[in-house]
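Input: a single structure, listed below in structure tokens.
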There are 2 protein chains.
Amino acid sequence: MTKPLGERIRSQFEARILSGELAPGERLPTEAELMQQFGCSRMTVSKALSALADAGLIERRKRAGSFVSRPRVHSMVLDIPDLAEEVAARGQTHRYRLIRRDVSEAGIAHFGPAGGQVLALDGLHLADNVPFAFEQRLVDIAAVPDIADVDFGHLAPGSWLLRHVPWDEAETRIAAEGASGSIADWLDVEPGTATLVVERRTWRGSDSITFVRQHFRADQYDLVARFGQRSASRAPA
Amino acid sequence: MTKPLGERIRSQFEARILSGELAPGERLPTEAELMQQFGCSRMTVSKALSALADAGLIERRKRAGSFVSRPRVHSMVLDIPDLAEEVAARGQTHRYRLIRRDVSEAGIAHFGPAGGQVLALDGLHLADNVPFAFEQRLVDIAAVPDIADVDFGHLAPGSWLLRHVPWDEAETRIAAEGASGSIADWLDVEPGTATLVVERRTWRGSDSITFVRQHFRADQYDLVARFGQRSASRAPA
DNA sequence: GCGGATATAATGTCTATACATTATTGAGAC
DNA sequence: GTCTCAATAATGTATAGACATTATATCCGC
């Protein structure tokens, strides 16, 4: 019934820090003091404090002690799902339509290793046959040789890449932009209409794998990021 | 010189999972097997596997074992800094100009507890005297009584709140929107010009603290999120 | 005072063991 | 067969100790 002791120690300090009772820069008791206070072993308090440190709530310094961190930025978790899955989750039918596919030398697009070949894929994402995203993608063929054989006529490259190519680093840029003529045509909106632009570059090790630029119809898509209570879907006990 | 054993175990499995060598759904060795393989105690492998579980790379089930998670979404860290600090970091001068301040009953704006009072603050953020964000904010006065006494004539409410009010949960929505007439006026752009809209709602416990809606001039602001190698600023050893 | 060696206080890691918890398996009752 | 219940295999938490690491403080020579 009662929560584990280590978890209680952790959540007690979490609460005291978030409530402001423990101010940024303030020093926490040492592990030795805490094991006295809570009547438990050092491993238990150490694990609790390490969890707080992992979460960024405190900083621990040898010989000095543990201190409440100074909050600088709001770090939030942004979930960027596979578009096909997300549309399906909304109960709509996802379709991808390839518009252009060609292979070019790298360098022109400032992407990929010099001299390598780059696959360019332009396409349109549709939900229930309504266009909602125009996608321009570059893939480094050297990093993903298998891709040459895949038919992307109706399969979204993102879905395929997500399943077939491991990556360990990514950077996403989010901006707003008025739709240019051709993009407006594909999205079936007036030129100049606001679109949400998501650009993502993905790496494995130091090799670029793919760069994608997606224009979303603003009336059909937005992004949500959360902080705290990860998975608030838990039912109360 | 050599890294701690537990960390080596953790990073070895991390690499094997990210490289795809261990496929999603695949089962990892049990803790008992791993302590044989690595010649260490159970606590060590247990901590390593728990760290992988915390990072979402594996799932652990009692009696069943540890399994590589199926990657569903790209979880990225989105840093939302204080606007005043961010502008300063770019070497520009930040200024906030209050446009409207009034107190109204809650309920109208679907914010705050019924019957409570809500402070509405509209204002403009300027970088080097160029407007780049129009902000509409609601604050629950019951949750932040001190705010009644603060002069926001030139102090951005977000900066003040970040420093004075602890929160433990937040949700951010990011979208694109054409500027309406009055917003276009404030941002000094043509009506209909694309703006990046960031809406954030912040809670302490179950109480709403503030809701803010910011329209950014698309040509002056974007957001960046990263995954992997947190703080890539580390120099190579 | 000032700089540099040394002691020390705190965290970091690890061992070996114990018992708790829980989902699955499998045996037995029906 | 299928339902129920107990055995079991795995993870979850905790203990008590040991040694490693490292930033800070202190002392000492100058």
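Convention: sequence-line order gives letters A, B, ...; per-chain numbering from 1.
In this structure, A:Thr44 contributes its side chain and A:Gly6 its backbone to no donor-acceptor pair below 3.5 Å.
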Let me see the working for A:Ser66 and A:Arg27 under side-chain hydrogen bond (donor to acceptor under 3.5 Å, both in side chains), right down to the final yes or no. CA-CA 6 Å; A:Ser66 300; A:Arg27 188 181 157 167; over 6 Å; no
Using a 4.0 Å heavy-atom cut-off, write out nucleotides 11-16 of chain D from 5' to 3' as B (base contacted by protein), S (sugar-phosphate only) or - (no contact). BBBBBB
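A donor-acceptor pair shorter than 3.5 Å can be found between the side chains of B:Tyr221 and B:Glu86. B:Thr210 and B:Arg137 share a donor-acceptor pair across their side chains, judged by distance under 3.5 Å alone. Side-chain contact check for A:Ser208 and A:Asp140: no donor-acceptor pair (N or O, by modelled atom type) lies under 3.5 Å.
In this structure, CG of A:Leu34 is placed 16 Å from C1' of C:dG12, rounded to the nearest angstrom. If you take CD1 of B:Ile9 and P of C:dT13, they are 13 Å apart, rounded to a whole angstrom.
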